[in-house]
Amino acid sequence: MPRFTTAEGLRSLLNRLDVAGPGVWRRDADVEALIAYTIRKYRPLAMKHHCAPEDSAVAAFEALRTCAVRNAHDPWAVVTRAVQVTLIAEERADGLLCSPAQARRTQVSRHHDARRFSEYETDLLEFHPALRAHADEPDGVSIQPHGQGENASTRAFEAIDMAIVLFVALGWPLNTATCALDYIAARLIECGSRPTTHAMLRRDRSAQALLDLDRRAWSTLLRLTLGNPNPDLRHTASGHGVLLRLLIGDPVIELLADDQLVLEISRSAPRLVRTEDEVEPGKVA
């Protein structure tokens, strides 16, 4: 077995190479054997960090040329640690899509590895906590990822479509219900909370005029969609409103079972008035 496999044998070889000068590293036969030995020695460590065995030899070569290894109490221990740190940086650099020098920095290495949306069978939005938004209070609308099962929450755009279907089924014209609920949803996104949106839209006369809704129908629509603004009712079904109830998973069947809600939606539905030109001959409008 070569002498450089021991601590003192490695120190003796490194001191001889240092005295001979840099060029001897290319010609000395012991250097070639030393590099081959480091590849075999650190192969398991390289595999652990998903690196090629030759990468450990490069890291070992850089460490062997330093005076810290020659003067260390145990030169192989210093080399092993240097190889380990380098391989860790290589592994982190591959995951972070950056250079090994950057991966050695704490402010960079503390981040998680880069993840591509196509890497997993499950959509990244379904399981990554950084892409989820939870609402501790019902003031804001929490948009949860769409999961599987009966208890899975509903996406925001699905909740709007379901609300439109509900209002149309209970007597609201399709165009009016679609425009009104889309307008409310857009203002809700801008304001960020249902009470603020309700207070702003209640004074929005332009929307009321464009939708051709009287004051009673407009106020009822806001209260039923965004919830009753009364603080005493904030944790009740009436305080949640249709949109939030659909978002948290309440099925449309459950909303239709709410007699008070069905009655108010039906009574607030705008009635279409037919003009004289639309009246069929022989019939009284």
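Note that the coordinates shown come from a computational prediction; the quantities given were computed from them, not determined experimentally.
- Residues Leu174 and Leu170 fall within the same hydrophobic cluster, defined by Ile, Leu, Val, Met, Phe, Trp and Tyr side chains chained together at heavy-atom separations under 4.5 Å.
- Taking OH of Tyr183 as the start and CG of Leu211 as the end, the distance is 8.0 Å to the nearest 0.5 Å.
- Annotation: the span from Glu8 atom CD to Asn15 atom CG amounts to 9.5 Å, rounded to 0.5 Å.
- Grouping the Ile, Leu, Val, Met, Phe, Trp and Tyr side chains by contacts below 4.5 angstrom, directly or via other members, places Val168 with Met162.
- With a 6.0 Å cutoff to the six-membered ring centre and a 45° limit on the axis angle, Arg40 does not count as a cation-pi contact of Tyr42.
- Placement of Leu233 and Ile248 in two distinct hydrophobic clusters is found when ILVMFWY residues are connected by side-chain heavy-atom separations under 4.5 Å, directly or transitively.
- Between the side chain of Trp172 and the backbone N or O of Ser266, no donor-acceptor pair lies under 3.5 Å.
- The distance from atom OG1 of Thr5 to atom CG of Leu10, rounded to the nearest 0.5 Å, is 9.0 Å.
- Arg216 places no side-chain N or O within donor-acceptor distance of the main-chain N or O of Leu213, the cut-off being under 3.5 Å.
- Atom CD in Gln84 sits 6.0 Å away from atom CG in Leu45 (nearest 0.5 Å).
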Apply side-chain contact (heavy atoms from CB on, under 4.5 Å) to Asp182 and Thr178, showing your working. CA-CA 6 Å; Asp182 285 347; Thr178 302; 3.6 Å; yes
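- With Arg194 contributing its side chain and His240 its backbone, the two residues share a donor-acceptor pair below 3.5 Å.
- A single hydrophobic cluster is not seen to contain both Ile88 and Met47; linkage of ILVMFWY side chains at heavy-atom distances under 4.5 Å, directly or through other members, places them apart.
- Of the charged side-chain nitrogens involved, at least one lies within less than 4.0 Å of a carboxylate oxygen, so that Asp30 and Arg16 count as a salt-bridged pair.
- In terms of modelled atom types and a separation under 3.5 Å, the side chain of Arg92 and the main chain of Ala103 share no donor-acceptor contact.
- In Met200, the CE atom is crowded: over 12 heavy atoms of neighbouring residues, nucleotides or ligands sit closer than 6.0 Å.
- The line from OG1 of Thr176 to CD1 of Ile164 is 11.5 Å long, rounded to the nearest 0.5 Å.
- Judged by distance alone, with hydrogens and angles left aside, the side-chain atoms of Asp18 form no donor-acceptor pair with the main-chain N or O of Leu14 at under 3.5 Å.
- Electrostatic pairing of Glu264 and Arg267 does not count as a salt bridge here, judged by no charged N lying under 4.0 Å from a carboxylate O.
- Looking only at distances, no side-chain donor or acceptor of Arg65 sits under 3.5 Å from a matching main-chain atom of Phe61.
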With side-chain contact (heavy atoms from CB on, under 4.5 Å) as the criterion, how do Val242 and Leu261 come out once you've worked through the C-alpha distance, each side chain's angles and the decisive distance to 0.1 Å? CA-CA 9 Å; Val242 170; Leu261 175 64; 4.0 Å; yes
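- Between the side chain of Thr38 and the backbone N or O of Ile35 there is at least one donor-acceptor pair closer than 3.5 Å.
- The side chain to side chain contact (heavy atoms under 4.5 Å, CB included) test with Leu246 is passed by exactly one of Leu255, Ile160, Leu166: Leu255.
- Side chain of Ser12 to backbone of Gly9: no donor-acceptor contact under 3.5 angstrom is found.
- Each of Val83, Val79, Val85 was compared with Arg81 under the side chain to side chain contact (heavy atoms under 4.5 Å, CB included) criterion, and only Val85 meets it.
- Remark: side-chain polar atoms of Asn71 are paired, donor with acceptor, to backbone N or O of Cys67 under 3.5 angstrom.
- In this structure a side-chain-to-backbone donor-acceptor pair under 3.5 Å is present from Ser268 to Ile265.
- Going from atom CG of Leu181 over to atom CG of Leu221 covers 6.0 Å, rounded to the nearest 0.5 Å.
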For side-chain contact (heavy atoms from CB on, under 4.5 Å), just list the numbers for Leu96 and His111, CA-CA rounded to whole Å, side-chain angles, deciding distance to a tenth of an Å, and then say yes or no. CA-CA 8 Å; Leu96 295 170; His111 298 296; 4.2 Å; yes
